[in-house]
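Protein chains get the first letters and strands the later ones, always in sequence-line order, with residue 1 at the start of each. Quantities reported herein were computed from a predicted structural model and do not represent experimental measurements.
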Amino acid sequence: MLDMKFLRNNFQEVKEKLAHRGEDLSELERFGELDERRRTLISETEMLKAKRNEASKQISALKKEKKDAEPAIKEMREVGAKIKEFDAELKEIEESLKLIMLSIPNIPHESVPIGEDEDDNVLARKWGNLPVFDFDEKSHWDIAAELDILDFERAAKVTGSRFVFYKGIGTRLERALISFMMDLHADEHGYTEMMPPQIVNRGSLTGTGQLPKFAKDVFKLEEWDYFLIPTAEVPVTNFHRDEIFSVEDLPKKYTAYSANFRSEAGSAGRDTRGLIRQHQFNKVELVHFTKPEDSYGTLETLTGDAEKVLQRLNLPYRVMSMCTGDLGFTAAKKYDIEVWIPSQETYREISSCSNFEDFQARRASIRFRREADGKLEFVHTLNGSGLAVGRTVAAILENYQQKDGSVVIPEALRPYMGGKHVIKT
RNA sequence: GGAGGCAUACCCAAGUCUGGCUGAAGGGGUCGGUCUUGAAAACCGAAAGGCGGGUCAAACCGCGCGGGGGUUCGAAUCCCUCUGCCUCCUCCA
């Protein structure tokens, strides 16, 4: 959410910056009128309330002196009715205004490249050497089928499409990756580990920005106003919702494992095979709370922390700086880390690292106090995947595949795999 | 699932029965001082505190006692409703 005063005072400038996102900005047009009406109503109603408070004291005094208060009471009866009327309209206006404010995306940072879609994203860096195969490389789902470690067919029977059973050593690989990533971030990068609830309420999804606008993308529980989390970002960021940090509490950084659930509305027909796009997938998430002046430096280290996972696993990747048209609703700046997927001869997103500045903090009311008697300020929040586990499995299976159909286990992972070096039938 | 209790500011906590000098007491904490080699303790003193309107900034005004609604001239206080927490019983991995 943007600051209303800032939006009011910089309307044209904000509008121009948001236009680069290529989103529908019709909501924005209604802001000025509603904002104006709101402030008029507030001053009118508050004037009446001041009058009422004054009269209330007099009535109290009159009664104490056993004098007749009836004329004053009679007059106030009318004032009270008027206040009720104004308050009702004000409430309506404020609800509309709030909905508009919650539906306006974040302002892109000045360093974000201007562009329309993913073709305009800018390469930040590349790492690693692409594997060279002296045989026809296979897709990860074909490799997995031969090794009997993933079962999509039975998952379709048990649940539906875009679900999977991990089996045998495939399960072990997934589990090993989760531990490996968590250990790296907790022990070497200094994050505090978390295992969050995987079901959250409406307030949490509003706090991080998935609601009200993107209700279609999340699974909702029937009979409950609860939702399956689309990412651990939601519970972990909202862990500090409605809280005030003292300045020495910052920065705070958490790493959290969770399953993630996404309806994938609108992606029918895309990535229908394999692990790339599932309704349920595991992810290790990184979440930071920082002082405003630190957040852009933190975005770089956060991205570096996520990259470290791929480096340790020796998987080739590139980092893309997302252009204004591909930023997503909440981010002011975002890097995607994309891992090489040989069978598709392309890089695929495996981590998304964003600085939200105070966009989420304002929605979720997460603040800090710089000095004991100082003003409250919003913190900046950031998060990134570190990493998406299923996609990492896909990348390992494909990049480490051998001619005989076996898959070599990356060295860094072997201690987590009972010392195994290779997955074979 | 059954029975009862609780929710007040950064924290603790009075006020709720009996609506109106509560413009939310008091304490802790915070800040300054005395004392001390330094600190702690004790004592003295002080400020401030959330949200909105307003202003260059103030002044000023309104709101705020878990959320929402109602009664009333007036609600922390009365009524309805929702949520969360605690205790006991029941059940359960």
Side-chain angles (χ1 to χ4, degrees), chain A residues 1-10 31-102 195-207 211-212 220-221 223-227 235 238-250 252 289 358 361-379:
Chain A
M1 190 159 66
L2 305 181
D3 177 20
M4 276 216 266
K5 278 185 187 166
F6 181 81
L7 179 59
R8 182 187 306 146
N9 297 331
N10 304 275
F31 170 79
E33 181 199 337
L34 285 172
D35 177 54
E36 187 72 40
R37 181 72 187 139
R38 167 171 177 269
R39 284 184 297 150
T40 308
L41 276 170
I42 284 174
S43 40
E44 280 176 9
T45 190
E46 285 190 355
M47 236 175 333
L48 290 174
K49 281 177 184 172
K51 191 173 168 188
R52 181 177 69 183
N53 288 342
E54 195 53 45
S56 199
K57 274 184 214 164
Q58 284 165 10
I59 290 169
S60 173
L62 285 172
K63 288 212 165 181
K64 209 154 272 175
E65 294 164 27
K66 307 267 184 214
K67 290 184 184 161
D68 182 20
E70 206 41 50
I73 289 176
K74 213 168 172 186
E75 192 192 342
M76 281 307 108
R77 215 166 270 164
E78 282 167 36
V79 173
K82 200 79 192 161
I83 288 173
K84 203 175 232 177
E85 217 175 277
F86 280 146
D87 272 348
E89 192 189 344
L90 183 61
K91 198 184 159 197
E92 225 173 276
I93 300 268
E94 291 202 315
E95 269 165 23
S96 315
L97 200 55
K98 174 130 204 226
L99 199 60
I100 288 173
M101 290 311 293
L102 287 175
M195 254 188 222
Q198 311 203 7
I199 294 176
V200 294
N201 59 31
R202 184 175 295 274
S204 293
L205 282 162
T206 307
L211 291 180
K220 184 175 186 308
L221 270 60
E223 311 277 333
W224 294 73
D225 205 26
Y226 287 173
F227 305 80
N238 282 281
F239 182 74
H240 288 299
R241 173 148 53 100
D242 296 322
E243 289 186 14
I244 297 168
F245 292 107
S246 54
V247 72
E248 60 268 20
D249 293 333
L250 298 173
K252 273 235 184 304
F289 300 82
D358 63 6
R362 183 171 283 110
R363 290 172 161 251
S365 187
I366 307 169
R367 296 173 291 176
F368 77 103
R369 206 186 296 277
R370 230 176 254 279
E371 291 159 33
D373 58 348
K375 274 264 160 220
L376 291 173
E377 296 176 54
F378 289 107
V379 301

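Listed nucleotides B:C63, B:C61, B:G53 differ in distance to A:K49; the shortest reach to its side chain belongs to B:C63. Of the candidate nucleotides B:G84, B:G50, B:C63, B:G84 has the atom nearest to the side chain of A:Y226. Listed candidates were B:G50, B:G20, B:G62. Nearest to the side chain of A:R367 is B:G50. Nearest nucleotide to the side chain of A:R39, out of B:C63, B:C51, B:G53: B:G53. Proximity note for A:E46 (side chain, C-beta onward) versus B:C61, B:C51, B:C63: the nearest is B:C61.
Nucleic acid contact class of A:K74 (heavy atoms, under 4.0 Å, all strands): none. Using a 4.0 Å heavy-atom cutoff across all strands shown, A:A72 reaches no nucleic acid atom at all. Using a 4.0 Å heavy-atom distance criterion, A:I42 is classed as a sugar-phosphate-only contact. Counting any heavy atom pair closer than 4.0 Å across all strands shown, A:K84 reaches sugar-phosphate atoms only and no base atom. Looking at heavy-atom distances under 4.0 Å, A:R8 makes contact with sugar-phosphate atoms alone, never a base.
Comparing B:G4 with B:C60, their C1' atoms sit 48 Å apart, to the nearest whole Å. Taking atom P in both B:C79 and B:U71, the straight-line distance is 15 Å, to the nearest Å. The same atom, C1', is picked in B:G64 and in B:U87; the two are 31 Å apart, to the nearest Å. Straight-line distance between the P atoms of B:A24 and B:U77: roughly 16 Å, to the nearest whole Å. Taking the C1' atoms as reference points, B:A14 lies 15 Å from B:G28, given to the whole Å. Taking atom C1' in both B:A76 and B:G38, one finds a spacing of 47 Å when rounded to whole Å. Separating the C1' atom of B:G66 from that of B:C86 is a span of 15 Å, rounded to the nearest Å. One C1' atom belongs to B:C21, the other to B:C82, and the distance between them is 35 Å to the nearest Å.
A cation-pi arrangement is not found for A:K252 relative to A:F289, the charged atom failing to lie both closer than 6.0 Å to the ring centre and inside a 45° cone about the ring normal. Relative to the six-membered ring of A:F86, A:K82 meets both conditions, a distance below 6.0 Å and an angle of at most 45° to the axis.
Counting to the nearest Å, the C1' atom of B:C73 and the NZ atom of A:K57 are 15 Å from each other. Taking atom CG of residue A:L90 and atom P of nucleotide B:G69, one finds them 12 Å apart after rounding to whole Å. Rounded to whole angstrom, the span from the CG atom of A:L48 across to the P atom of B:C73 amounts to 16 Å. Computed from coordinates, the A:D225 CG to B:G67 C1' distance equals 14 Å when rounded to whole Å. Put simply, CG on A:D87 is 13 Å from P on B:G68, counting in whole angstrom units. In this structure, NZ of A:K91 is placed 7 Å from C1' of B:G68, rounded to the nearest angstrom. Rounded to an integer number of Å, the gap from A:E54 CD to B:C21 P is 14 Å. When the C1' atom of B:C60 is taken as reference, atom CE of A:M47 falls 13 Å away, rounded to whole Å.
Judged by closest nucleotide on RNA chain B, A:S56 is the one of A:M4 and A:S56 placed further toward the 5' end. Residue-to-nucleotide proximity on RNA chain B shows that, of A:I244 and A:K51, the 5′-proximal contact is made by A:I244.
The nearest pair of heavy atoms linking A:M76 to A:I59 is CG-CD1, 4.4 Å. A:N238 and A:G203 get closest at one heavy-atom pair: OD1-O, 4.1 Å.
The side-chain heavy atoms of A:T45 and A:E89, taken from C-beta on, include no pair separated by under 4.5 Å. Residues A:E94 and A:L90 form a side-chain contact, since some pair of their non-hydrogen atoms from C-beta on lies under 4.5 Å apart.
Once rounded to the nearest 0.5 Å, the distance linking CZ of A:F31 with CD1 of A:I100 reads 8.5 Å.
Under 4.0 angstrom from either OP1 or OP2 of B:G53 there lies at least one side-chain N or O belonging to A:K5. In this structure, A:R202 does not reach the B:G67 phosphate: none of its side-chain N or O atoms is under 4.0 Å from OP1 or OP2. Close to B:G23, at under 4.0 Å from its OP1 or OP2, lies no side-chain N or O of A:N53. Phosphate contact (OP1/OP2 of B:G53, side-chain N/O of A:R38, threshold under 4.0 Å): present.
The partner of B:G26 is B:C12, by the rule that a Watson-Crick or G-U pair needs both atom distances under 3.5 Å. For B:A42, the paired base is B:U34 (Watson-Crick or G-U wobble, both distances below 3.5 Å). When Watson-Crick and G-U wobble pairs are counted only if both distances are under 3.5 Å, B:C60 pairs with B:G53. Under the Watson-Crick or G-U wobble criterion, with both distances below 3.5 Å, B:C88 is paired with B:G2.
For a distance-only test at 3.5 Å, the side chain of A:S43 fails to qualify as a donor-acceptor partner of the base of B:G53.
A:L41 pairs with exactly one of A:R39, A:R38, A:R37 by the side-chain contact (heavy atoms from CB on, under 4.5 Å) rule, that one being A:R37.
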